[in-house]
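Below, chain A is the first sequence line, B the second, and so on; all start at residue 1.
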Amino acid sequence: SQTIHQWPATLVQPVGSPLSLECTVEGTSNPNLYWYRQAAGRGLQLLFYSVGIGQISSEVPQNLSASRPQDRQFILSSKKLLLSDSGFYLCAWSRGANYGYTFGSGTRLTVV
Amino acid sequence: AQSVTQPDIHITVSEGASLELRCNYSYGATPYLFWYVQSPGQGLQLLLKYFSGDTLVQGIKGFEAEFKRSQSSFNLRKPSVHWSDAAEYFCAGMEYGNKLVFGAGTILRVKS
């Protein structure tokens with residue numbers, strides 16, 4: 001069966017520090033991968049998606065970047081965090097439109 | 001632009017009462033529609049999905065949803081709410097490019 005792993009679960013980082021959040025999927029190949037951010041009271045915002053290794057699409061201009069170095073690995077990064085980067089970050093994977101998305105358990109990022 | 005609207009930010013119901021959470025979509029064609037549930041600090045779990053065919057879809061945990069094209073709605077229902085149903089519920093739609101667009105969410109509180 002397919003599983004999605006996301007870590008760390010919580011993270012407190014100072015302003016200006018770098019960020020790396022990792023997401024991996026097991027049990028499938030060539031998944032579509034997604035990063036969402038959930039800010040308090042603002043629903044879920046799609047940040048990045050990837051349909052293959054090295055292929056990244058950005059949905060909103062921001063301080064973050066994403067990379068997909070391997071088929072089942074998706075990384076969210078920042079060189080210098082801002083206070084506004086705080087939020088709950090969710091990774092998801094999909095086999096295609098008919099299947100919906102499966103979400104990881106999320107990372108709570110607090111920038112102080 | 002594709003959008004999903006959940007008009008109710010908070011809803012409170014008594015345990016054992018019926019529940020209906022509203023969702024409206026704005027798409028050019030019939031989208032794929034989903035309902036997810038999120039417990040505090042957790043990822044999202046898929047409750048049910050609609051692609052085509054029967055407009056009343058059954059999901060997990062006793063939930064169902066009805067697609068009404070004339071009203072552009074996909075409301076979630078449950079005949080008898082349990083205290084464990086307290087959570088945040090998200091309606092989502094997908095039309096092009098495998099990108100899921102979420103509503104802002106509805107927080108459900110259950111009174112005992």
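Both the backbone and the side chain of A:L44 come within contact range of chain B, with heavy atoms under 4.5 Å apart. Looking at A:Q6, neither its backbone nor its side chain comes within 4.5 Å of chain B, counting heavy atoms on both sides. If you measure heavy-atom distances from B:Q6 to chain A, you find no contacts under 4.5 Å at all. Contact of A:Q38 with chain B is made through the side chain alone, with heavy-atom distances under 4.5 Å. Proximity to chain A is limited to the side chain of B:Q38, based on heavy atoms less than 4.5 angstrom apart.
Using bins of under 30°, 30° to 60° and over 60° for the plane-to-plane angle, the ring pair B:F90/B:F102 lands in the perpendicular bin. The aromatic rings of B:Y50 and B:F74 sit tilted, their planes meeting at an angle between 30° and 60°. In this pair, B:F51 and B:Y32 present their aromatic rings perpendicular. The plane angle is above 60°, beyond the 30 to 60° band.
Aromatic rings of B:Y36 and A:F103 (six-membered ring for Trp) have centroids within the 6.0 Å cut-off, being under it. Centroid-to-centroid, the aromatic rings of A:Y49 and A:Y101 stay 6.0 Å apart or farther.
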